[in-house]
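The chain is numbered in sequence order, starting from 1. We use all heavy atoms of the structure for the numbers below, so side chains are in, but hydrogens, waters and symmetry mates are not. Just so it is clear, the structure is predicted and the values come from calculations on it, not from any experiment. Atoms within each ligand, like the ligands themselves, are counted from 1 in listed order.
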Amino acid sequence: MTRVLFVCLGNICRSPTAHGVFQHCVDRAGLADLVEVDSAGTAAYHVGNSPDPRSMAAARQRGYDLSPLRARQAVEEDFDRFDYILAMDHSNLSNLKRIQPDHFGGHLGLFLEFAHQFDDVEVPDPYYGGDEGFSHVLDLVEAASEGLLAQIRQELAR
Ligand code: 4NP
């Protein structure tokens with residue numbers, strides 16, 4: 001089993017988008033029994049909330065349903081559960097490094113390391129911007145999801 005956790009600040013915009021898009025890729029690849037997907041926020045402001053309605057609407061336009069997701073906060077125990085912990089931006093990553101136990105043997109990094117056709121390293125926070133920010137998040141997340149799935153497929157084939 002390979003377990004993947006996506007992390008942003010609030011767990012209502014970027015990481016639920018990554019969660020829904022990557023889960024869709026995993027399902028389509030027939031790997032749902034081998035790859036587990038989750039998401040969390042470094043902050044607790046939105047714990048228990050559904051994704052932002054703007055994220056849900058942008059995702060729905062591309063065929064992804066984010067409505068079952070609920071926000072939770074990332075915790076130290078996530079490092080015992082997940083093989084990949086993927087942050088949306090450098091701020092999320094440095095917050096995660098602060099709770100990362102020394103014994104963590106998985107991969108902690110930026111999600112866009114896997115978006116090979118983009119030079120961007122961060123998924124920009126769309127919360128205070130317009131609708132185009134939400135569709136840009138989807139562009140980046142779709143590209144990174146393909147790259148991540150390709151890497152995990154290679155690992156599973158070994
Ligand atoms: P996210 O976006 O980290 O992509 O979920 C945000 C959501 C909420 C806030 C900031 C960013 N906020 O400040 O409440």
Using a strict cut-off of 4.0 Å, indicate which atoms of ligand 1 neighbour a heavy atom of [X].
X     : value
Gly10 : 1 (P), 3 (O), 5 (O)
Leu9  : 3 (O), 10 (C), 11 (C)
Cys13 : 1 (P), 2 (O), 4 (O), 5 (O)

With sequence neighbours left out, which residue pairs that include part of residues 80-101 fulfil the ring pair (Phe, Tyr, Trp, His ring centres under 6.0 Å) condition?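 Every ring pair (Phe, Tyr, Trp, His ring centres under 6.0 Å) pair that includes a residue of residues 80-101, provided the two are not neighbours, is Tyr84-His107.
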What protein heavy atom sits nearest [atom], and how far away is it?
atom                    : value
atom 1 (P) of ligand 1  : Cys8 SG, 3.5 Å
atom 11 (C) of ligand 1 : Asp125 OD2, 3.0 Å
atom 13 (O) of ligand 1 : Tyr128 OH, 3.3 Å
atom 12 (N) of ligand 1 : Tyr127 CE2, 3.6 Å

For His46, state whether at least one heavy atom is located under 4.0 Å from any atom of ligand 1. yes
Just checking, any donor-acceptor pair under 3.5 angstrom between side chains of Thr2 and Asp83? no
Residues His24 and Asp65: side-chain donor-acceptor under 3.5 angstrom: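 Note: His24 and Asp65 side chains miss the donor-acceptor criterion.
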Looking only at distance, does Arg14 have an N or O less than 3.5 Å from an N or O of ligand 1? yes
Under 3.5 Å, N or O to N or O, is Ile12 touching ligand 1 that way? yes
Test: Arg54 and Glu132 ion pair at under 4.0 Å: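 Not counted as a salt bridge, because no side-chain N and carboxylate O are separated by less than 4.0 Å.
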Under a 4.0 Å threshold between the charged nitrogen and the carboxylate oxygen, would Arg72 count as salt-bridged to Asp78?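 Yes, charged N to carboxylate O under 4.0 Å.
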Do Arg14 and Phe111 meet the cation-pi criteria used here (NZ or CZ under 6.0 Å from the six-membered ring centre, within 45° of the axis)? no
Any heavy-atom pair between the side chains of Thr17 and Phe134 that's under 4.5 Å?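 In short, these two side chains do not touch, never coming nearer than 4.5 Å.
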His116 side chain reached by Glu146 side chain, heavy atoms, under 4.5 Å: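 A side-chain contact is absent here, since even the closest heavy-atom pair is not under 4.5 Å.
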Heavy atoms only, cut-off 4.0 Å: how does Asp52 contact ligand 1, side chain, backbone, both, or neither? neither
